[in-house]
Amino acid sequence: ADDATPTQAVSPHGCGQLGDHQRAAPRIDKQLRQGGLAADRLVTATERVHIRAALGRVLARDVSSPLAVPGHDNSAMDGYAVRFADLTPGRETTLARIGESFAGKPSGAKVGAGQCVRIFTGAVMPQGADTVVMQEHVRLDGARVLIEAGHHAGQNVRPVGEDIRRGEVVLRAGRRL
């Protein structure tokens with residue numbers, strides 16, 4: 001349209017022209033149809049701006065995450081971090097409590113055979129543990145933890161990258177910020 005107002009796109013990778021109009025036109029048309037670009041504004045150039053200045057602008061390039069979220073295997077529940085191999089199928093299992101792991105303050109303990117660590121939601125999984133048993137499924141007897149039967153490997157563990165994998169595209173080009 002002749003009365004279209006030019007706009008600029010934000011590039012997370014630096015300044016530069018959008019590129020050859022013949023190559024860009026199909027992508028812009030698709031973005032217009034999907035609501036990524038306003039129909040009355042054309043992208044004429046790109047520039048790199050501070051995040052605070054990006055509001056209302058159109059993203060020129062995909063943005064990929066430089067890190068995984070979560071960054072470590074962590075507990076999805078309050079409970080006990082255990083080695084699944086230590087749990088006796090169909091029977092209660094007794095393990096020795098060797099430490100605690102809090103969100104923001106990992107225990108540093110290595111869980112060996114017959115051991116467990118008290119763990120809280122969001123805490124990094126201790127080395128050696130692969131499963132979290134909810135606190136509602138245990139009984140305590142001093143430093144001994146009695147775990148009821150019926151658990152499965154990896155339960156209540158949020159693996160590294162479960163929400164966002166490192167390198168995953170988190171914002172697509174053409175998105176209005």
Side-chain angles (χ1 to χ4, degrees), residues 1-85 101-111 117 119-134 151-177:
D2 292 324
D3 61 345
T5 306
T7 189
Q8 292 184 322
V10 176
S11 168
H13 306 291
C15 299
Q17 294 300 315
L18 181 62
D20 180 73
H21 291 295
Q22 285 74 27
R23 286 185 303 141
R27 190 173 80 197
I28 292 172
D29 288 343
K30 180 179 176 186
Q31 292 166 355
L32 284 168
R33 286 192 306 276
Q34 294 175 344
L37 294 173
D40 64 341
R41 297 172 69 98
L42 300 176
V43 175
T44 59
T46 63
E47 69 178 321
R48 186 179 179 115
V49 298
H50 189 277
I51 189 71
R52 290 185 182 126
L55 185 62
R57 292 183 176 229
V58 175
L59 197 59
R61 294 190 179 103
D62 289 349
V63 175
S64 299
S65 178
L67 48 89
V69 177
H72 302 280
D73 291 346
N74 69 73
S75 178
M77 300 282 173
D78 289 351
Y80 292 83
V82 304
R83 295 173 355 135
F84 179 74
S101 188
F102 298 93
K105 187 178 179 199
S107 76
K110 180 177 179 182
V111 177
V117 168
I119 194 164
F120 296 90
T121 304
V124 173
M125 290 292 291
Q127 186 178 357
D130 61 3
T131 300
V132 173
V133 175
M134 290 172 49
H151 303 285
H152 62 273
Q155 74 183 21
N156 303 314
V157 175
R158 292 187 297 223
V160 64
E162 179 180 59
D163 296 326
I164 300 172
R165 292 177 312 281
R166 184 173 185 229
E168 179 179 347
V169 174
V170 292
L171 294 171
R172 296 265 176 218
R175 180 184 181 117
R176 184 172 299 282
L177 302 176

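Predicted model, so just to flag it, every value in this text is computed and none were measured.
Not counting sequence neighbours, the partners of E168 by the side-chain contact (heavy atoms from CB on, under 4.5 Å) test are I164, R165. Residues forming a salt bridge (Lys or Arg N to Asp or Glu O under 4.0 Å) with R158 (at least two apart in sequence, or on another chain): none. Partners of L171 under the side-chain contact (heavy atoms from CB on, under 4.5 Å) rule, at least two apart in sequence or in another chain, are L59, V63, R175, L177. Under the side-chain contact (heavy atoms from CB on, under 4.5 Å) criterion, R172 pairs with D62, V169, not counting sequence neighbours. In this structure, the ring pair (Phe, Tyr, Trp, His ring centres under 6.0 Å) partners of F102, at least two apart in sequence or on a different chain, are F120. Residues that satisfy the side-chain hydrogen bond (donor to acceptor under 3.5 Å, both in side chains) test with T121, not counting sequence neighbours, are D78. For D130, the side-chain hydrogen bond (donor to acceptor under 3.5 Å, both in side chains) criterion is met by no residue, not counting sequence neighbours. Scored by the side-chain contact (heavy atoms from CB on, under 4.5 Å) test, D163 finds V69, P70 as partners (sequence neighbours excluded).
By the neighbour-count criterion of 12 heavy atoms within 6.0 Å, atom CD of Q127 is sparsely surrounded, having that number or fewer from other residues, nucleotides or ligands.
Here the side chains of V157 and M125 are in contact, with some heavy-atom distance below 4.5 Å. For the pair P126 and I119, the minimum side-chain heavy-atom distance is below 4.5 Å.
A donor-acceptor pair is defined here as one N or O able to donate and one able to accept, closer than 3.5 Å; such a pair exists between the side chain of S101 and the backbone of V124. With R166 contributing its side chain and P66 its backbone, the two residues share a donor-acceptor pair below 3.5 Å. Looking only at distances, a side-chain donor or acceptor of H50 sits under 3.5 Å from a matching main-chain atom of R52.
Contact between A60 and A173 at its shortest, heavy atoms only, is O-CB, 3.5 Å. Nearest heavy-atom pair across M77 and V132 is O-CG1, 4.1 Å. Minimum heavy-atom separation, A68 to V160: CB-CG2, 4.0 Å.
Sorted by first and then second residue, the ring-ring contact (aromatic ring centres under 6.0 Å, His included) pairs involving residues 151-177 (not counting sequence neighbours) are H137-H151.
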